[in-house]
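To start, the structure under review is shown below, and the notes come after it.
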Protein chains: 2
Amino acid sequence: MTKNLIKILRERGYRLTPQREMILAAIIQAGDHVSAEDVFTKVQEQSSAINIATVYRTLDMLVEEGLACRTDLGIGEYMYATNQHGPHIHLICRKCGYTQDADHSLLKKLEETILSEYDFVADLHHIAIFGLCAGHQLEDEGGQE
Amino acid sequence: MTKNLIKILRERGYRLTPQREMILAAIIQAGDHVSAEDVFTKVQEQSSAINIATVYRTLDMLVEEGLACRTDLGIGEYMYATNQHGPHIHLICRKCGYTQDADHSLLKKLEETILSEYDFVADLHHIAIFGLCAGHQLEDEGGQE
DNA sequence: TTTACTGCAAATAATTTGCAAAACT
DNA sequence: AGTTTTGCAAATTATTTGCAGTAAA
């Protein structure tokens with residue numbers, strides 16, 4: 001896994017540094033979306049010799065290279081995941097923040113339609129959809145808690 | 001339009017201030033998604049007596065009240081629109097930022113499925129979908145520009 | 001050796017907040 | 001009058017950046 005990504009990066013002219021190895025390992029092991037802070041913390045557990053700026057730079061580089069994706073889950077910070085992390089939909093309750101995953105296959109049709117009708121390749125691997133979870137579907141959505 | 005929202009706000013116990021009137025008018029007249037800055041600028045054209053903090057506070061209040069929605073279009077700032085702004089999908093090219101709107105009806109099925117299978121009321125009125133526009137669909141998505 | 005990469009600390013940039021003054025009801 | 005709302009300026013927070021030192025290749 002990690003080896004894979006490292007190899008790709010080297011092929012594309014990037015240098016292999018222990019920081020990058022650790023960051024890659026962390027984001028892959030997480031097996032889920034993680035924030036830059038999450039990665040930073042996780043890496044610090046293994047070695048304290050890393051800087052948050054490096055985490056941001058590496059993460060951005062991975063996204064640039066199409067090896068990871070960056071998703072806004074509405075919590076004020078971007079979340080990252082490698083593309084090896086299976087595609088899915090995030091359903092996020094705007095009242096309580098409760099998050100559940102929905103099956104990605106729901107989007108197959110949408111993806112195809114968008115491509116054929118708008119000539120647009122939708123990147124729906126880790127889309128976030130906001131709304132109301134079962135426990136918060138009262139009639140007055142606008143009411144203050 | 002504006003009167004409508006004002007009335008609703010008053011019914012909910014909010015006070016009517018010229019600032020709020022101007023902000024409401026601006027966001028409604030825009031007829032599209034606007035940033036807090038956009039609103040601020042627009043309102044300043046009419047009257048210079050308004051502060052950006054008030055714009056943010058009013059916009060947040062409208063979202064809280066369910067009268068407007070806040071969408072992240074991936075440009076580093078949130079965009080706002082009243083719910084009177086017709087629902088649609090934003091297709092945003094991650095290479096060039098080019099944005100086009102797609103018909104919201106594409107999501108009807110998705111919305112229904114999410115509700116029946118996950119008991120989740122998806123708020124898909126102004127969803128943003130990232131991907132690649134017609135001009136940027138090269139085979140190597142990861143290549144650097 | 002060469003040039004990319006990192007750490008550090010300061011810079012950004014959007015948004016939020018505390019508090020006293022102003023204004024709606 | 002009483003309480004909400006505003007303006008102002010400072011605080012926050014996530015992320016970015018300049019630059020000199022460090023380390024892959």
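A, B, ... follow the sequence lines: proteins, then strands. Residue 1 opens every chain. Values reported hereafter were calculated over all heavy atoms of this structure, with side chains retained and with hydrogens, waters and symmetry mates removed.
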(message) Using 0.5 Å steps for rounding, measure from the CD1 atom of Ile6(B) to the CZ atom of Arg10(B).
(response) 8.5 Å

(message) If you assign Met79(B) and Thr58(A) each to the DNA chain C nucleotide with the nearest heavy atom, which residue ends up on the more 5' nucleotide?
(response) Thr58(A)

(message) Measuring to OP1 and OP2 of dT15(D), would you say a side-chain N or O of Tyr56(A) lies under 4.0 angstrom away?
(response) yes

(request) Identify the residue among Ile129(A), Asp103(A), Leu124(A), Asp101(A) that makes a side chain to side chain contact (heavy atoms under 4.5 Å, CB included) with Ile89(A). (result) Ile129(A)

(message) Can you work out whether Ser35(A) or Arg57(A) has the more 5'-proximal nearest nucleotide on DNA chain D?
(response) Ser35(A)

(request) Calculate the interatomic distance between Asn51(B) atom CG and dT5(D) atom C1'; express it in whole Å. (result) 12 Å

(request) Taking heavy atoms of chain B and a 4.0 Å limit, find me the 5'-most and 3'-most nucleotide of DNA chain C within that range. (result) dA14(C) to dT25(C)

(request) Specify the angle, to 10°, made by the local axes at the two ends of the helix from dT1(C)-dA25(D) to dT25(C)-dA1(D) when five pairs are taken at each end. (result) 30°

(request) Take the protein atom CG of Asp60(A) and the nucleotide atom P of dA14(D), then report the distance between them rounded to whole Å. (result) 16 Å

(message) Testing the basics here: between Ala122(B) and Glu111(B), what is the closest heavy-atom pair and its distance to 0.1 Å?
(response) O-CG, 4.0 Å

(message) Distance check needed: dT15(D) P versus Met61(A) CE, whole Å only.
(response) 17 Å

So which protein nitrogen or oxygen atoms get under 3.5 Å of nucleotides 23-25 of chain D's nitrogens or oxygens?
residue	atom	partner	partner atom	Å
dA24(D)	O3'	Leu16(A)	O	3.4
dA24(D)	N3	Arg15(A)	NH1	3.2
dA25(D)	OP1	Leu16(A)	N	3.0

(message) Classify the ring geometry of His125(A) against His104(A): parallel below 30°, tilted from 30° to 60°, perpendicular beyond 60°.
(response) parallel

(request) Take the protein atom CD of Glu37(A) and the nucleotide atom P of dT16(D), then report the distance between them rounded to whole Å. (result) 13 Å

(request) Using the ring of Tyr80(A) (Phe, Tyr or Trp, six-membered ring only), decide whether Arg70(A) places NZ or CZ under 6.0 Å from its centre and within 45 degrees of its axis. (result) no

(request) Compare every heavy atom of Phe40(B) with every heavy atom of Ile50(B), then report the nearest pair and how far apart it is. (result) O-CE1, 3.5 Å

(request) Can you tell me the distance, in whole Å, between the CZ atom of Arg20(A) and the P atom of dT22(D)? (result) 19 Å

(request) Kindly compute the distance separating CZ (Arg57(A)) from CZ (Arg20(A)), expressed to the nearest 0.5 Å. (result) 9.5 Å

